[in-house]
There are 2 protein chains.
Amino acid sequence: MTSGDNQPAAVQTDLPLDTVIEDDCIAAMNRLPAGSVDLIFADPPYNLQLKDALHRPDNSKVDGVTDAWDRFDGFAPYDSFTRDWLAAARRLLKDTGTIWVIGSYHNIFRVGREIQDQGFWILNDIIWRKTNPMPNFRGTRFTNAHETLIWAAKSADKSGYTFNYQALKALNDDVQMRSDWHLPICTGAERLRDGERKAHATQKPEALLYRVLVAATNPGDVVLDPFFGTGTTGAMARLLGRRFVGIEREPRYVGIARERIAKVEPLGADERAVTKSKRKEPRVPFGVLVERGMIKPGQTLVDGKQRHAARVRADGTLISGDVIGSIHKVGAEVQGAPTCNGWSFWCFEAKGDLVPIDMLRQKVRAEMAGAVG
Amino acid sequence: MTSGDNQPAAVQTDLPLDTVIEDDCIAAMNRLPAGSVDLIFADPPYNLQLKDALHRPDNSKVDGVTDAWDRFDGFAPYDSFTRDWLAAARRLLKDTGTIWVIGSYHNIFRVGREIQDQGFWILNDIIWRKTNPMPNFRGTRFTNAHETLIWAAKSADKSGYTFNYQALKALNDDVQMRSDWHLPICTGAERLRDGERKAHATQKPEALLYRVLVAATNPGDVVLDPFFGTGTTGAMARLLGRRFVGIEREPRYVGIARERIAKVEPLGADERAVTKSKRKEPRVPFGVLVERGMIKPGQTLVDGKQRHAARVRADGTLISGDVIGSIHKVGAEVQGAPTCNGWSFWCFEAKGDLVPIDMLRQKVRAEMAGAVG
DNA sequence: GGAAGGATTGAATCCTTGA
DNA sequence: GTCAAGGATTCAATCCTTC
């Protein structure tokens, strides 16, 4: 050996920029120089603890996350693993650096507590609201429609972290960006395939990493991802003119990531300008008016000509004679019509006038206008 | 003393229903009978004060916040408090009961991990997206626009918790309710005032509790709130015909809550009715349809796409080729599927149309509902 | 060629009751 | 405790087939 004879794990003096290290993430991080990284993005195993197979109502089988890398023998080994990789990551951060960790309710509370215990200072928790999540097929819970990201500085007194407030505001139609982000999951052409199967069970969408990197790094900054997978972080870093270091244990993923990133054409400095996205008018369920007390359970609604009446139930359905159902369904049935727009059909009394319930919906939408749909 | 002389904290045999107990929540919970509560809603202190004044358990002030180890000391009393009140709460829950806890990133990770460590089984984490959050005035972070609720069963193997799936679906325009809820914060007339100032710093909106109670309780269920505050949980419980027990230490809040709840006019039984899940409806064996002559022995049933056919036998079983069995079993076998709901799969011909046999079951159920007893 | 309809799929802790 | 049987249950987006 020509160097580091007395050091079992020699610390390198330079970062291997824009490369993927094929190794265990803790061992690899411990070889990198302390205080050298501007941002860490980590997508650790979630420890899902799935039991039996799950089928959709059409009897097709759900392809769950059964990979060995997501299996732990309980909370204690998972916590120990979390403690170790977070400590290694913290050592690598510059004092002005920040860390992002993504997870679900299976693991995020354990990760979040450990982040606080190690002295990180949480800046935000961010909710990735999925536009197209997998439904709850058995009707036993709420649709698990989001994941949580934690954004934290190295410590409470370390100021000077990067937050590109104006860029994020511009990304959000000139309204301050909120802690809830509405983005699709990774599908279609973006989803990497390995023959017929998906290449990775949990590939993250590029739009998510795009927003993280625009928000919390500047061009030329170094981004480390210790659970690199198929390299979404590296691809977006290259696109946006940031440097990256990826660490990934599985050789198959490493190969896919390298190939993927090589194809990315970096944006020019002037092309990094943000693009605006259109917003649809948000859907407002009738039940929301009931929950908010704008319409009371038991209240009577009538049509504009007062030929039909219906009473409101606690869950936002209407009842008229034998007919129970949505404002649209009951409106159609009482008229003997195939369809009905309940919003314009049903009215309530306000100061002696009959007012369509759609007026209340408009009120709710006006309140929501500040929020990102 | 006239009772419980030898018991420092006598356990009461009955719950003091629809009352507010003025006491420390742990002491009060320890006096209530085990396994007596259907749902717990808890809005514990968020531990927001950490950054400005950090104190050790002995109340000495930590000098500066540069030392991560000291910060851990700051978390310790909060964790200990969390452990104690959660344990007391868990003792009170029925095996079929569930708990809801609301918090922000300051405390929710610590609470969530403790919930898991005590053996609760998380069913969902719910994001309350605020329509009108306070902006981040200094432009240093994302607008903190949400809070997190954790919904958990008493343990992983305890089934039978209440989830009114169909009611929630109805509240949401007939698509299943997601884990992200979009609701306004508590303002306007709903916000209780004590003279000029708001009566409580963190009063929760009634719409939030309305949804929690409709989702996870039935009329008559007992709801416990150990951090009762100004009694939003009690007010919504009374409105919806649930029983409540509130615990609150501050006499000022207790008085406001009692006064507030007394003004609530409960909904009538028919007004608070919600769409029931089919699981809760009375079981009607297929054979009953045959006995009643609604389906004839020898009659042919087909699936909606007319790919499969089966003949009805006198005992209410079906036969298709070699396969004999229940409507479900034969439906599954002919499709080569693991399971099948025969009620929606099999159809009969009526006036040229194919109608699912479930329509006949609904007819029978309607007749049963009309007959008393 | 294009529209319409069917098939596929996604980080999932996904049933209840009675013998 | 186990095991068998009844029967309840899906949304959005993309891709493919058919007309």
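What you see below is based on every heavy atom in this structure, not just the backbone, and it leaves out hydrogens, waters and symmetry mates. As the structure is a prediction and not an experimental result, all values here were calculated from the model.
Judged as a salt bridge (Lys or Arg N to Asp or Glu O under 4.0 Å), and not counting sequence neighbours, the contacts of Lys278(B) are Asp358(B). Scanning for salt bridge (Lys or Arg N to Asp or Glu O under 4.0 Å) contacts around Arg141(A) gives an empty result, with sequence neighbours left out. Not counting sequence neighbours, the partners of Gln118(B) by the side chain to side chain contact (heavy atoms under 4.5 Å, CB included) test are Arg83(B), Leu86(B), Ala87(B), Arg90(B), Glu114(B), Phe120(B). Legend: residues meeting side chain to side chain contact (heavy atoms under 4.5 Å, CB included) with Arg197(A), ordered by chain and number and at least two apart, are absent. Legend: residues meeting salt bridge (Lys or Arg N to Asp or Glu O under 4.0 Å) with Glu248(A), ordered by chain and number and at least two apart, are absent. Qualifying side chain to side chain contact (heavy atoms under 4.5 Å, CB included) partners for Ile108(B), counting only residues two or more places apart in sequence or in other chains: Phe109(A), Thr148(B), Ile150(B). Applying the side chain to side chain contact (heavy atoms under 4.5 Å, CB included) criterion to Ile319(B), with sequence neighbours excluded, gives Arg311(B), Arg313(B), Ile324(B).
Remark: C1' of dG6(D) and CG of Leu289(B) are 15 Å apart, rounded to the nearest angstrom. Put simply, CG on Leu168(B) is 13 Å from P on dT10(D), counting in whole angstrom units. Taking atom CG on Asn172(B) and atom P on dC11(D), their separation rounds to 9 Å, with Å as the unit. dG6(D) atom C1' lies 14 Å from atom CG of Leu318(B), rounded to whole Å. Distance CG (Asn59(A)) to P (dT10(D)): 14 Å, rounded to an integer number of Å.
Residues Ser326(B) and Ser344(B) both approach DNA chain D. Their nearest nucleotides, taken by heavy-atom distance, put Ser326(B) toward the 5′ side.
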Please list every donor-acceptor pair under 3.5 Å in which a side-chain atom of residues 337-347 of chain B meets a protein atom from a residue at least two apart or in another chain.
from: Thr339(B); atom 1: OG1; to: Asn59(A); atom 2: OD1; distance (Å): 3.4
from: Asn341(B); atom 1: OD1; to: Trp343(B); atom 2: N; distance (Å): 2.9
from: Ser344(B); atom 1: OG; to: Asn341(B); atom 2: O; distance (Å): 3.3
from: Trp346(B); atom 1: NE1; to: Ile327(B); atom 2: O; distance (Å): 3.0

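dA8(D) and dA12(C) have their P atoms separated by 26 Å, given to the nearest Å. Between dG7(D) and dC14(C), the distance separating the two C1' atoms is 15 Å to the nearest Å.
Looking at heavy-atom distances under 4.0 Å, Ala156(B) makes no contact with the nucleic acid at all. Residue contacts shown for Arg178(B) are absent, as no nucleic acid heavy atom lies under 4.0 Å away.
Geometrically, Arg211(B) engages Trp181(B) in a cation-pi contact, judged by NZ or CZ lying under 6.0 Å from the ring centre and within 45° of the ring axis.
Side-chain atoms of Asp173(B) and His328(A) form no donor-acceptor pair, as typed in the model, at a separation below 3.5 Å.
Its glycosidic angle being more than 90° from 0, dT14(D) falls on the anti side.
Residue pairs satisfying the salt bridge (charged side-chain N to carboxylate O under 4.0 Å, His left out) criterion with at least one member in residues 50-77 of chain A, sequence neighbours excluded, are listed as follows: Asp63(A)-Lys198(A).
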Fill in the blank from the handout: Here DNA chain C, pairs taken as Watson-Crick or G-U under 3.5 Å and shown with ( ), [ ] when crossing and | when to another strand, reads .|||||||||....|||||
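Contact check of residues 335-343 of chain B against DNA chain C (heavy atom, cut-off under 4.0 Å) returns no residues at all.
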Exercise for the section: Can you check each nucleotide of nucleotides 6-19 of chain C against protein heavy atoms at under 4.0 Å and return B for base, S for sugar-phosphate only, - for none, in 5' to 3' order? Expected result: ---BBBBBBBS---
